[in-house]
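Heads up: the structure comes next, in C-alpha cells.
Numbers restart at 1 for each chain; the letters A, B, ... are given by sequence-line order, proteins then strands.
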There are 2 protein chains.
Amino acid sequence: MTFDPQERAEPGDGTRNKLLDAAERLFAEKGFEQTSVREITTEAGANIAAVNYHFGGKDNLYREIFHRRLAHLREQRTSKIEALQHEGGSRPTLEDIVSAFTSAFLEPLMDHSEGRILIELIAREMLSPHLPRTMFFEEMIDPVRESLSRALQSAVPGLTDAEAARCVHSIIGQLVHVIHHSRLATEAGRQPREELDLHVMADHVIRFSVGGIQAIAGSSKV
Amino acid sequence: MTFDPQERAEPGDGTRNKLLDAAERLFAEKGFEQTSVREITTEAGANIAAVNYHFGGKDNLYREIFHRRLAHLREQRTSKIEALQHEGGSRPTLEDIVSAFTSAFLEPLMDHSEGRILIELIAREMLSPHLPRTMFFEEMIDPVRESLSRALQSAVPGLTDAEAARCVHSIIGQLVHVIHHSRLATEAGRQPREELDLHVMADHVIRFSVGGIQAIAGSSKV
DNA sequence: GACAGAATCAAACAGGTGTTTAGAATGGAT
DNA sequence: ATCCATTCTAAACACCTGTTTGATTCTGTC
C-alpha cells in the first residue's frame, strides 16, 4: 500500500537491505514456507512489521530477492561462453567451451558464502515454485541453454539442434548433481570423499562430457 | 459427514492404509511442512486424531511411508544390474550395463501414477530432509552407486575405483535432471519438446554416457 | 523551533498448526 | 449378556503464522 521508500539504498545499513540479506539466507537454508517473518526480522534486527512496511508482504520480499539475483547469475554464466566465441584468433575447441561453462557454473559455489545461498534458493524454487512458473525458464534456463547449445554446435559441426540441446541437458544435469551432492554430503556430516571433491569433479565432468558429445556427434554421422 | 461404507476398496484398507496412501500423495504434491494433518485425514475420510492414534505423530507417518517404499525401489534398481552380471554367456558390454541401469532408473516414471509420486517424494526429501540424515545414503544412494560402479569396472577393465565412482555420478546426475526437467516443464504448462521426450532422452543418456566413460578410461591409460 | 513525511515500534488480530483429551461406539471372546 | 481392548469421534489445547493497527520516534526542510 505504500510507495517504495527508497529504491536503491546502497549503504548496507538500511533496514530494507538487511531484510533482503537475512531473508535470502534464511529462505535458502530452510525454504520459503518454513521461514517465518519473525525470524527474518529478528535476524535483521528489525521490527516484525518491517517486512510488510518495506515490501508489502512476505511473497513480495521473496520475489524481490530473485529479481535482484537472477539477472546477474544468468549474465555470469553466458558471458564466458560468449566471450570465448567472439574472441579473436582460432575458434575455441569443444573442450574450451565445456571447460569454460563448467567453471562458470561451479564458480559461484567455490566461495562458500554467497554462491551456495543462491544455488540453494534456486533448487528450492524449482521444487516448490512460489514464482510465476514461466519466469524461471524465460529469465534463466532458456538463455543459458541457448548460449551453450550454439557454442557447442560451432565447435562440433554436424551436431544437430536436437542433439546439442540434449548434450546441454547432460552437462547441466551432471553439474547440478555435483552441487546437490556436495551440499547433501556435507550437511549429512560425512567427510567429503576426495574423489568427489568439487575441483576433481569439475575436471571429470569436462572430460566425460567431451567424450559424450563426440560419441553423439560421431554416431549420428554414421 | 464421515463414515462412508462404500469408500472401501481393498481388503487391507483400514484407515491406517488409507492414511498412508493419502499422506504419500499429499506429501509428494505439496511437501511435508506444507501438508497439514487435517488435509490428510479428511482426504482419507478419517478423524483428525487418526494420524496420532495410528502413527504417533505426523513425523512418524512420514517415516513410515519411506520405510515402506525405499527398500522396494532400491531393489528394483540394483536387481537389473546384478542380473546382467550373473547372467550366463558372454560378459555384458558397457552399453548393456548403462542401458539396463537407465531403463531401471527411468522406468518407475513412465507410468504416471505411482512412480512419479515416489520420485517427487525423494526429490523433496533430498532438499529438505526430515529423515535421519544418513538413512538416505545408507539405504538407497550408496547401495545403488556401489552396484553400478562395480558393474562398470567389470565391463571396462582399467577403470579405477575413483573414476568409476565419478562416472556413476555423471550418469545419475543426467538421469535425475531428466526427471526434474520433465516434471518442471509439464508443470509449467509448456508443451514438451519432442527432442527432450523421456524415451529419446533415455537413448541419449546411454550413448552420451558410454562415450564419456570410454573417454575417461582412455585418457587415464595414457 | 515547527512541521511533514518516513521509519520504527509494541500489541493485537484472525486463522492455521500438530497434538491431546475424554467419551463414545465397535467387534469379538468369554 | 458381560467384559475388554481396539478403534473412532468431537472438542479443546497451546502454539505459531502473516498481517494490521495506532502510536511513537527519527529525519530532513523550511
Side-chain angles (χ1 to χ4, degrees), chain A residues 1-27 29-66 124 128-131, chain B residues 1-27 29-66 124 128-131:
Chain A
M1 295 314 150
T2 61
F3 288 3
D4 286 346
Q6 43 186 40
E7 279 284 351
R8 44 211 90 225
E10 279 288 332
D13 62 339
T15 322
R16 199 187 133 96
N17 283 75
K18 283 207 244 175
L19 286 174
L20 278 170
D21 291 340
E24 188 171 278
R25 212 180 54 72
L26 288 169
F27 283 151
E29 188 184 322
K30 321 172 45 177
F32 177 79
E33 323 276 3
Q34 203 56 17
T35 302
S36 72
V37 176
R38 280 164 179 81
E39 273 180 288
I40 297 172
T41 50
T42 59
E43 171 98 7
N47 186 270
I48 317 172
V51 164
N52 281 275
Y53 176 75
H54 284 281
F55 301 94
K58 190 186 176 186
D59 311 277
N60 287 352
L61 168 57
Y62 184 77
R63 218 161 312 188
E64 186 75 14
I65 288 172
F66 274 87
R124 287 204 134 79
S128 314
H130 303 283
L131 264 35
Chain B
M1 58 137 56
T2 29
F3 42 95
D4 219 343
Q6 68 183 78
E7 273 257 322
R8 29 191 91 157
E10 298 273 333
D13 117 294
T15 48
R16 197 189 136 96
N17 284 74
K18 286 208 241 172
L19 286 174
L20 279 171
D21 291 340
E24 188 171 278
R25 213 179 53 73
L26 288 169
F27 283 152
E29 186 185 323
K30 321 173 41 175
F32 177 78
E33 323 276 3
Q34 205 56 14
T35 302
S36 71
V37 175
R38 280 164 180 81
E39 273 180 288
I40 298 171
T41 51
T42 60
E43 172 97 9
N47 186 270
I48 318 172
V51 164
N52 281 274
Y53 175 75
H54 284 282
F55 301 95
K58 190 184 174 185
D59 311 279
N60 286 353
L61 168 56
Y62 185 77
R63 219 161 311 187
E64 187 76 13
I65 288 172
F66 274 88
R124 289 207 130 83
S128 314
H130 303 283
L131 263 35

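If you measure from atom NE2 of B:His54 to atom P of C:dT20, you get 15 Å, rounded to the nearest angstrom. The distance from atom CG of A:Leu19 to atom P of C:dA7 is 12 Å, rounded to the nearest whole Å. Regarding B:Tyr53, its OH atom lies at a distance of 12 Å from the P atom of D:dA5, rounded to whole Å. Whole-Å rounding puts the B:Arg16 CZ to D:dT7 C1' distance at 13 Å. Summarising the geometry, the separation between CG on B:Asn52 and C1' on C:dG18 is reported as 7 Å, rounded to the nearest angstrom. A:Phe55 places its CZ atom 16 Å from the P atom of D:dT20, with the value rounded to the nearest Å.
Nucleic acid contact class of A:Ala50 (heavy atoms, under 4.0 Å, all strands): none. Contacts of A:Ala46 with the nucleic acid, taken as non-hydrogen atoms under 4.0 Å apart, involve only primed sugar atoms and P, OP1 or OP2.
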Sequence-aligned protein contact record of nucleotides 12-17 of chain D, with B where the base is within under 4.0 Å of a protein heavy atom and S where only the sugar-phosphate is: B----B
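When every heavy atom of B:Ala44 is checked against every heavy atom of B:Leu19, the shortest pair comes out as CB-CD2, 3.8 Å.
Looking at residues two or more places apart in sequence or on another chain, you find a side-chain hydrogen bond (donor to acceptor under 3.5 Å, both in side chains) between A:Arg25 and A:Glu29, A:Glu43.
With salt bridges taken as basic N to acidic carboxylate O contacts below 4.0 Å, one links A:Glu64 and A:Arg16.
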Pair B:Thr15-B:His54, side-chain hydrogen bond (donor to acceptor under 3.5 Å, both in side chains): steps then yes or no: CA-CA 9 Å; B:Thr15 48; B:His54 284 282; 3.2 Å; yes
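Between the CD atom of B:Glu33 and the CD atom of A:Glu33 there is a distance of 9.5 Å, given to the nearest 0.5 Å. Here the CG-CD1 distance, from A:Asn60 to A:Ile65, works out to 11.5 Å after rounding to the nearest 0.5 Å.
A:Thr15 has no side-chain polar atom (N or O) that falls below the 4.0 Å cut-off from OP1 or OP2 of C:dA7.
No hydrogens or angles were tested; on distance alone, nothing pairs the side chain of A:Asn47 with the base of C:dA7 as donor and acceptor under 3.5 Å.
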